[in-house]
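A quick write-up on the structure given underneath.
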Amino acid sequence: MIIAAGSRPDVISDVLYGKPVGTRFHAQQSPLENRKRWIFGAPPAGEIVIDDGALAAVLERGSSLLPKGVREVQGNFSRGEVIRIRSLQGRDIAHGVTRYNSDAMRMIAGHHSQEIGDILGYEYGPVAVHRDDMIVS
């Protein structure tokens with residue numbers, strides 16, 4: 001992508017011929033890298049606090065975040081929004097895209113993944129935040 005002054009004469013042809021015009025932004029090698037940059041840069045719509053077991057799973061093993069490890073849900077957010085993930089001590093751990101909205105997350109927090117369907121009457125999978133949808137701080 002190139003950002004350049006549209007009022008400059010011949011700006012489009014200069015870009016097409018590779019002349020240095022404006023500011024150029026290079027594409028990332030991997031679509032996953034682009035997604036992770038978006039997750040990191042998006043303002044969090046809410047946050048969840050996780051217990052020490054979930055903290056170890058996320059930080060040490062690179063695991064997805066299961067609802068069992070969620071202790072508190074703050075704010076109101078929709079499924080698919082970026083949320084902040086914090087430790088019990090208030091430390092920022094990660095940002096991630098939530099599989100469940102804040103109301104559903106409050107209901108399944110602290111429960112095993114197998115119980116999600118029974119609690120909610122539906123499910124979007126066994127994780128609160130999938131590892132591929134998470135950036136660890």
Side-chain angles (χ1 to χ4, degrees):
M1 178 178 76
I2 296 175
I3 298 176
S7 60
R8 180 179 165 193
D10 300 319
V11 69
I12 293 176
S13 62
D14 287 348
V15 168
L16 291 173
Y17 286 107
K19 292 183 180 177
V21 176
T23 304
R24 183 179 181 135
F25 296 89
H26 296 276
Q28 297 298 311
Q29 295 283 338
S30 134
L32 181 58
E33 179 66 23
N34 288 330
R35 181 169 172 73
K36 295 231 177 192
R37 284 179 185 259
W38 168 76
I39 292 169
F40 185 72
E47 63 184 53
I48 58 176
V49 177
I50 61 173
D51 64 22
D52 292 338
L55 177 66
V58 168
L59 291 181
E60 295 170 14
R61 296 189 298 277
S63 299
S64 296
L65 178 61
L66 302 177
K68 179 73 175 162
V70 176
R71 289 294 164 250
E72 187 179 337
V73 178
Q74 299 174 355
N76 294 308
F77 49 85
S78 299
R79 177 179 190 259
E81 286 193 285
V82 174
I83 58 171
R84 177 179 290 120
I85 301 167
R86 291 195 167 167
S87 69
L88 289 170
Q89 295 75 30
R91 183 175 146 225
D92 283 351
I93 302 304
H95 284 191
V97 178
T98 179
R99 292 268 176 109
Y100 295 92
N101 68 33
S102 53
D103 292 334
M105 191 74 77
R106 285 182 183 95
M107 294 173 69
I108 63 174
H111 291 276
H112 289 282
S113 296
Q114 300 89 325
E115 299 175 272
I116 294 173
D118 293 337
I119 293 169
L120 299 177
Y122 64 90
E123 66 176 82
Y124 295 118
V127 301
V129 179
H130 193 279
R131 180 67 185 121
D132 290 344
D133 297 328
M134 191 183 324
I135 294 286
V136 176
S137 302

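Predicted model, so just to flag it, every value in this text is computed and none were measured. Every heavy atom of this structure was used, including side-chain atoms; hydrogens, water molecules and symmetry mates were not.
- Looking only at distances, no side-chain donor or acceptor of Arg86 sits under 3.5 Å from a matching main-chain atom of Asp92.
- Of the possible polar contacts, none joining the Asp10 side chain to the Ser13 backbone as a donor-acceptor pair under 3.5 Å is found.
- Here the closest heavy-atom approach between residue Ile108 and residue Pro67 is recorded as O-CB, 3.6 Å.
- In terms of heavy-atom proximity, Asp51 sits nearest to Arg71 at OD2-NH2, 2.8 Å.
- Two residues are said to be in side-chain contact when any heavy atoms from C-beta on lie closer than 4.5 Å; Arg99 and Asp133 meet this criterion.
- The structure places NE2 of His130 at 10.0 Å from OG of Ser63, a figure rounded to the nearest 0.5 Å.
- A salt bridge links Asp14 with Arg8: at least one charged nitrogen is closer than 4.0 Å to a carboxylate oxygen.
- For the atom pair CG of Asn76 and CG of Asp103, the computed distance is 6.5 Å after rounding to the nearest 0.5 Å.
- Distance alone, capped at 3.5 Å, is enough to place a donor-acceptor pair between the Ser64 side chain and the Arg131 backbone.
- Hydrophobic clustering (side-chain heavy atoms under 4.5 Å, transitive across Ile, Leu, Val, Met, Phe, Trp, Tyr) groups Leu65 together with Phe77.
- Atom-to-atom distance recorded for Glu123:CD and Glu115:CD is 11.5 Å, nearest 0.5 angstrom.
- Between Val49 and Leu88, the closest side-chain pair of non-hydrogen atoms falls below 4.5 Å.
- Note: the hydrophobic cluster containing Ile48 also contains Leu55 (ILVMFWY, side chain heavy atoms under 4.5 Å, direct or indirect links).
- Under the 4.5 Å side-chain criterion, counting only non-hydrogen atoms from C-beta, Asp52 is in contact with Gln89.
- In this structure, Ile85 CD1 and Arg91 CZ are separated by 12.5 Å, a value rounded to the nearest 0.5 Å.
- Ile135 and Ile50 are not part of a single hydrophobic cluster, where members link through side-chain heavy atoms under 4.5 Å apart.
- Each of Ile3 and Tyr17 belongs to its own hydrophobic cluster when Ile, Leu, Val, Met, Phe, Trp and Tyr are linked at side-chain heavy-atom distances under 4.5 angstrom.
- The distance from the CD1 atom of Ile119 to the CD atom of Gln114 is 10.5 Å, given to the nearest 0.5 Å.
- Expressed to the nearest 0.5 Å, how far CE of Met105 lies from CG of Leu120 amounts to 10.0 Å.
- Closest approach of Gly75 to Arg106, counting heavy atoms only: O-NH2, 2.6 Å.
- Closest approach of Tyr100 to Tyr124, counting heavy atoms only: OH-N, 2.7 Å.
- Across every non-hydrogen atom of Gln74 and Glu72, the tightest pair is NE2-OE2, 2.5 Å.
- Clustering ILVMFWY residues whenever any of their side-chain heavy atoms sit less than 4.5 angstrom apart, transitively, puts Trp38 in the very cluster that holds Phe40.
- Minimum heavy-atom separation, Ala54 to Gly69: CB-CA, 3.7 Å.
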